There are 2 protein chains.
Amino acid sequence: MATISDVARLAGVSPSTVSRVLNQPEAVIEAKRDRVLTAIAELDYRPSSAARNLRRGSFDTLALLVGDIAQPFHGALAKAVQRAADEQGYSVLLCDLDHSRERLVALLHSLPKRGVDGIIIATADNMNVPPVQAALGELLTQGVAAICGSQSIRSLNVPALLTDRVAVARDATAHLLEQRRWPIVFLGGGPSTALTREARKGYEKACRAAGRESAELLVADGDYRAEAAELSIAELLRAGVRPQGIVADNTPMALGAARALASHGLAVPSDVGIVSCEDVPLGEYMQPSLSSIRTDMDDYGRRLVDVLVTAIAGGEVPARTLIPHKLVVRGSSS
Amino acid sequence: MATISDVARLAGVSPSTVSRVLNQPEAVIEAKRDRVLTAIAELDYRPSSAARNLRRGSFDTLALLVGDIAQPFHGALAKAVQRAADEQGYSVLLCDLDHSRERLVALLHSLPKRGVDGIIIATADNMNVPPVQAALGELLTQGVAAICGSQSIRSLNVPALLTDRVAVARDATAHLLEQRRWPIVFLGGGPSTALTREARKGYEKACRAAGRESAELLVADGDYRAEAAELSIAELLRAGVRPQGIVADNTPMALGAARALASHGLAVPSDVGIVSCEDVPLGEYMQPSLSSIRTDMDDYGRRLVDVLVTAIAGGEVPARTLIPHKLVVRGSSS
DNA sequence: TTGTACGCGTTATCAT
DNA sequence: ATGATAACGCGTACAA
């Protein structure tokens with residue numbers, strides 16, 4: 001493992017000159033610069049990140065915290081983030097929260113000394129609770145930048161980049177309403193999560209715009225998981241409800257709902273239309289292919305990284321950025 | 001940010017003693033150890049990973065290289081690996097190869113100085129080509145440990161942990177044969193990849209064991225992607241072939257095949273049975289739910305990390321570990 | 001424009 | 001059992 005001194009010796013210059021060639025090339029006269037670069041190539045020298053990190057106090061590393069990396073949406077997000085980070089010269093530390101709040105708090109506590117410049121938090125789990133806010137606040141004071149995907153954090157200066165979840169659910173619902181499907185069930189993640197509350201608001205908005213009464217609305221709790229969604233919809237069906245449309249807040253719930261419908265002999269899309277508020281890579285290949293609200297993941301990943309990198313550099317960043325979305329109509333609703 | 005000296009001062013000892021309390025507690029007398037621990041808690045001191053890394057030359061970090069993190073199987077793998085690594089005190093650097101050989105080579109080249117102790121390579125793309133082998137060999141000489149999921153690397157001492165792909169495909173095929181389905185198509189990733197060659201061997205083995213002639217076998221190339229698989233199967237159908245079973249080497253291809261069948265009016269499982277050689281989290285919730293060969297991901301992740309950590313520590317590790325698999329029969333084949 | 005000297009925070013060696 | 005000291009490899013004031 002060649003060090004900077006080895007390069008310096010071979011090039012006949014001092015270590016600081018080598019360092020300059022790497023960090024401010026224009027400050028070194030061309031002849032010497034070339035000698036140094038040759039020596040670097042010769043020895044296949046690459047600076048030790050450890051030494052560099054210690055000296056500079058930065059790490060060229062971002063942490064990506066996701067609720068559950070095994071979920072297809074998060075996988076797609078991780079891919080986009082990793083690629084964008086790579087383009088900016090950053091590595092990505094993957095942290096799976098497994099939907100555990102304890103784990104989130106523990107991570108927020110341990111990350112500052114794990115060597116990351118910034119973190120991206122992408123979980124649907126509610127972060128507006130005291131322990132999380134406290135841990136996040138402390139992380140910020142330690143000089144680690146943070147941004148949030150999918151939710152805003154109250155009372156803390158953490159930029160958020162997210163889709164307008166009210167609009168997303170509204171568009172999904174409106175699409176089914178246009179087809180004169182009724183009743184329509186909103187399948188969310190339970191009343192406690194702030195995220196579902198927004199989506200539910202969008203659902204209600206669309207229904208009211210179509211002239212429906214509050215009493216007619218149907219809300220089911222699928223806990224963001226396929227299993228729970230299946231049970232929840234099955235229960236509804238057993239109770240005699242006959243929905244013609246389902247708006248699922250994420251894809252696993254849409255699949256769970258589809259299975260419940262199938263076991264009750266209901267066909268998609270002829271009997272019931274389904275739309276997911278979240279697009280996933282294989283959605284097109286599910287059967288029937290899944291109508292969903294799509295956001296451009298490459299763009300999303302790039303924006304997340306851009307904002308975070310700007311924040312790390314101490315630049316000004318918008319407190320809240322809305323990511324565009326659009327409806328993709330597929331077989332489950334047509 | 002408290003440093004080790006701050007702690008030492010507060011506890012009235014030398015920095016060395018603080019370091020010892022952290023690294024070999026039994027070497028410090030209890031009274032002093034307590035004072036130090038109190039001071040640590042008081043200041044919320046956590047050692048700087050950068051300094052520690054520089055001094056020790058190790059990083060408590062593993063890199064996970066995956067072919068495509070957006071694919072559900074890789075997501076599940078990443079989750080398992082991350083969890084296991086966490087249990088052992090390691091962080092995980094996520095590197096998405098995006099199926100690019102150039103990217104793989106570039107990563108193998110840059111990872112040694114990015115601060116990782118070891119790497120896990122989990123890609124179906126063939127690694128037995130000179131540029132990859134050379135880059136990997138060089139990485140090993142730089143003191144970075146490496147292990148491989150899903151394929152062995154010839155002529156290099158890289159331990160592999162994988163399922164017996166011949167047996168996996170054989171079991172999948174045999175399952176369809178038992179139901180007297182014939183002909184059966186093997187849907188793989190093209191003749192060039194070593195992985196598919198193994199799976200294909202298993203398919204042929206099962207067919208021959210059932211008394212089928214080589215001339216009757218059907219092999220299609222789906223390039224491991226849903227789109228290509230759909231085209232490939234559609235072409236077969238247009239050519240007049242009427243398979244009663246499909247063995248897909250991975251899940252996206254199984255979904256692609258299912259869609260091709262559907263557009264030709266063929267029903268799964270009544271007309272055609274499908275089995276995937278790879279189990280994914282939502283497989284149970286696809287429609288019809290997908291029969292597949294399952295490996296315990298938690299176990300797999302743990303084994304990968306265990307072996308890698310052992311290798312990092314300089315311990316003896318088996319050159320090749322077979323991970324058990326079992327058939328999970330679901331709706332697509334019953 | 002270049003080199004010298006120092007320090008980032010930790011741990012290993014050595015002496016006590 | 002503990003403390004002083006040096007060194008890990010790099011970047012940067014400062015001096016030249």
Side-chain angles (χ1 to χ4, degrees), chain A residues 1-37 39-40 43-61 89 110 112-117 142-144 313, chain B residues 1-37 39-40 43-61 89 110 112-117 142-144 313:
Chain A
M1 292 259 217
T3 75
I4 202 170
S5 307
D6 299 330
V7 175
R9 208 171 309 124
L10 181 58
V13 299
S14 81
S16 39
T17 298
V18 178
S19 177
R20 275 189 207 98
V21 169
L22 263 35
N23 298 302
Q24 6 175 353
E26 67 285 353
V28 177
I29 209 167
E30 189 170 338
K32 273 190 180 163
R33 189 168 50 204
D34 290 346
R35 288 217 318 270
V36 168
L37 290 174
I40 286 178
L43 300 172
D44 189 27
Y45 164 77
R46 277 153 295 166
S48 142
S49 66
R52 178 173 224 158
N53 292 343
L54 175 58
R55 178 64 234 230
R56 304 195 312 186
S58 66
F59 308 89
D60 296 343
T61 301
S110 74
K113 290 282 175 161
R114 291 255 284 273
V116 299
D117 302 316
Q142 314 231 350
V144 178
Chain B
M1 292 260 217
T3 74
I4 203 170
S5 307
D6 298 329
V7 175
R9 206 172 309 122
L10 182 58
V13 299
S14 80
S16 323
T17 299
V18 178
S19 178
R20 273 191 209 97
V21 168
L22 263 35
N23 298 304
Q24 11 175 352
E26 66 286 353
V28 177
I29 209 168
E30 188 171 340
K32 272 190 182 166
R33 188 169 50 204
D34 289 346
R35 288 220 314 275
V36 169
L37 289 173
I40 286 177
L43 298 172
D44 190 26
Y45 163 77
R46 277 153 295 164
S48 144
S49 66
R52 181 173 220 158
N53 292 344
L54 176 58
R55 179 60 236 217
R56 304 199 311 188
S58 67
F59 309 89
D60 295 343
T61 300
S110 74
K113 290 283 175 159
R114 292 257 283 275
V116 300
D117 301 316
Q142 313 231 349
V144 178

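Everything numeric here is computed off the predicted structure, so don't read it as measured data. Naming: A, B, ... by sequence-line order, numbering from 1 per chain.
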Starting at atom CZ of B:F59, determine the distance to atom P of D:dG9, rounded to an integer number of angstrom.
10 Å

Looking at B:S58, is its backbone amide N or carbonyl O close enough to the side chain of B:D117 to form a donor-acceptor pair, meaning the two atoms are under 3.5 Å apart?
no

For the helix from C:dT1-D:dA16 to C:dT16-D:dA1, figure out the bend between the end axes, five pairs an end, and round to 10 degrees.
40°

Spacing of B:I29 atom CD1 relative to D:dG3 atom C1', expressed in whole Å:
15 Å

Working to the nearest 0.5 Å, report the span between CG of B:L54 and OG of B:S48.
9.0 Å

Rounded distance in Å - CD (B:E30) to P (D:dT2)
12 Å

What is the nucleic acid contact for A:N53, judged by heavy atoms within less than 4.0 Å: base, sugar-phosphate only, or nothing?
nothing

How about CD on A:E30, more than 12 heavy atoms from neighbouring residues, nucleotides or ligands closer than 6.0 Å, or not?
no

Taking atom C1' of D:dT12 as reference, at what distance in whole Å does atom CG of A:L54 sit?
14 Å

Does a side-chain N or O from B:K32 land closer than 4.0 Å to OP1 or OP2 of D:dT2, or not?
yes

Contact residues, residues 12-21 of chain B to DNA chain C [heavy atom, < 4.0 Å]:
B:S16, B:S19, B:R20

Return the CE to CZ distance between B:M1 and B:R46, rounded to the nearest 0.5 Å.
8.0 Å

Lys/Arg N to Asp/Glu carboxylate O, B:D34 vs B:K32, below 4.0 Å:
no

Could you check how far CE of B:M1 sits from C1' of C:dT10, rounded to whole Å?
15 Å

Output yes when a side-chain donor or acceptor of A:R20 lies under 3.5 Å from a complementary backbone atom of A:V28, and no otherwise.
no

All side-chain hydrogen bond (donor to acceptor under 3.5 Å, both in side chains) counterparts of A:R52, not counting sequence neighbours:
A:N23

Distance-only, no hydrogens or angles: does the A:S19 side chain make a donor-acceptor pair with backbone N or O of A:T17 under 3.5 Å?
no

Would you state whether a donor and an acceptor, one from the side chain of B:R56 and one from the base of C:dA12, lie under 3.5 Å apart?
no

Report the distance from atom CZ of A:R35 to atom C1' of C:dT2, rounded to the nearest whole Å.
12 Å

Whole-Å gap separating C1' (C:dT10) and CD (B:Q24)
14 Å

Under 4.0 Å from OP1 or OP2 of D:dT12: is there any side-chain N or O of A:R55 that close?
no

Distance in angstrom units between B:I40 CD1 and C:dT10 P, rounded:
10 Å

Mind listing the closest non-hydrogen atom pair of A:V21 and A:P25 along with its distance?
O-CG, 3.3 Å

